[in-house]
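Notes follow once the structure below has been shown.
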Amino acid sequence: MTTHVHIALWGVLPYLSLTVLVAGTAWRYRYDRFGFTTRSSQLHESRLLRVGGPLFHYALFFVIGGHVMGLLVPEALTDRLRVSETTYHTVALSLGGAAGVAAVCGLGILLWRRLRVPAVRRATSRSDRLIHPLLTAVLLAGLTATASSAANPYDYRLGVSVWFRSLFALDPDVPAMAHAPLVYQVHAVLAMALFALWPFSRLVHAFTVPLGYAVRPYIVYRSRARVTPHRHPSVGMPPTRRNVRDEEPCP
């Protein structure tokens, strides 16, 4: 049975979250363009950052790719490609689970670094204290949902994915999400909260990926070695007799 709470959560809240994300990003770009930064603390500590940073970011790319495949690719398409349901879920469980564990481990290293290094801890802003626990909860909820799919017969591609794709048609399929297991609902609500807070945190730096770097023109670097300027052979030579005679004043 669809209630007003279900309509608010799965029919209204997604659009509110998207509106805040777009409007907040546009507002910050207009009034705080130089704030589009990670506020790097590499100068304070780099050993743990070199491990946790790449581990978290690269694993997160795979997590996002898994969500795109799972939410946007309908089951009819994989059936048409003759990918069996068992194969699909096995690949999704293994790759998604590995990427989720790696992302959680990378985030754990970064949080440990932030808590244990005094200089990094002092550089933590108020928005970080809100975003970091929320991001951790989103990852743990998603990892729990992935792990539960191994024993739970629920097929999220017939429920959560249908609801997600219906949002783009401006006709939310509220019952499809209302009947999903609780762990999927918690993961979705936390994700929408994260997107709403995205523009007001350091996560906004994700919109500043230097894509133009791959197509930028080449930069010509000059050598630092001292270069002797070219001098014409006649420069510095004593004047010839003819030249002296030519330079003598006329009588």
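For this chain, numbers begin at 1 and follow the sequence in order.
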Any donor-acceptor pair under 3.5 Å linking the side chain of Arg113 with the backbone of Leu48?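 Checked: no pair found.
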
Looking only at atom types and distance, does a side-chain atom of Arg114 sit under 3.5 Å from a main-chain N or O of Arg121, one as donor and one as acceptor? no

Can you get from [X] to [Y] by hopping between Ile, Leu, Val, Met, Phe, Trp and Tyr side chains that sit under 4.5 Å apart?
X: Leu9; Y: Val20; value: no
X: Val51; Y: Trp112; value: yes
X: Val104; Y: Leu190; value: yes
X: Val5; Y: Ile7; value: no
X: Val174; Y: Met192; value: yes

4.5 Å side-chain heavy-atom contact, [X] and [Y]:
X: Trp10; Y: Pro172; result: no
X: Val160; Y: Tyr154; result: yes
X: Ile131; Y: Trp198; result: no

Does the side chain to side chain donor-acceptor pair (under 3.5 Å) test come out yes or no for Thr86 and Ser84, once each step is laid out? CA-CA 5 Å; Thr86 303; Ser84 64; 5.1 Å; no

Does any pair with a residue in residues 60-77 pass salt bridge (charged side-chain N to carboxylate O under 4.0 Å, His left out), and if so which ones, sequence neighbours excluded? none

Might you confirm whether atom CZ of Phe195 has over 12 heavy atoms from other residues, nucleotides or ligands at distances under 6.0 Å? no

Over 12 foreign heavy atoms within 6.0 Å of OH, Tyr88: yes

Residue pairs passing the ring pair (Phe, Tyr, Trp, His ring centres under 6.0 Å) test with at least one member in residues 52-73, sequence neighbours excluded, are His67-His187

Looking at [atom1] of [X] and [atom2] of [Y], how far apart are the two atoms once the value is rounded to the nearest 0.5 Å?
X: Tyr156; Y: Thr146; atom1: OH; atom2: OG1; result: 8.0 Å
X: Leu203; Y: Leu194; atom1: CG; atom2: CG; result: 6.0 Å
X: Leu167; Y: Leu71; atom1: CG; atom2: CG; result: 10.0 Å
X: Ser201; Y: His132; atom1: OG; atom2: NE2; result: 8.5 Å
X: Trp163; Y: Met177; atom1: CH2; atom2: CE; result: 5.0 Å
X: Ser149; Y: Leu93; atom1: OG; atom2: CG; result: 5.0 Å

Would you please test Asp173 and Phe164 for side chain to side chain contact (heavy atoms under 4.5 Å, CB included) and show each step? CA-CA 8 Å; Asp173 192 343; Phe164 185 78; over 6 Å; no

Assign the ring pair Tyr31 / Trp27 to parallel, tilted or perpendicular, where the plane angle (0 to 90°) is split at 30° and 60°. tilted

Work out which heavy atom in Ala145 is nearest to a heavy atom in Ser148; give both atom names and the distance. O-OG, 2.8 Å

Grab the two heavy atoms, one from Val183 and one from Ala141, that are nearest each other, plus how far apart they are.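 Closest approach of Val183 to Ala141: CG2-O, 3.7 Å.
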
Let me see the working for Ser161 and Arg157 under side chain to side chain donor-acceptor pair (under 3.5 Å), right down to the final yes or no. CA-CA 5 Å; Ser161 299; Arg157 293 204 295 167; over 6 Å; no

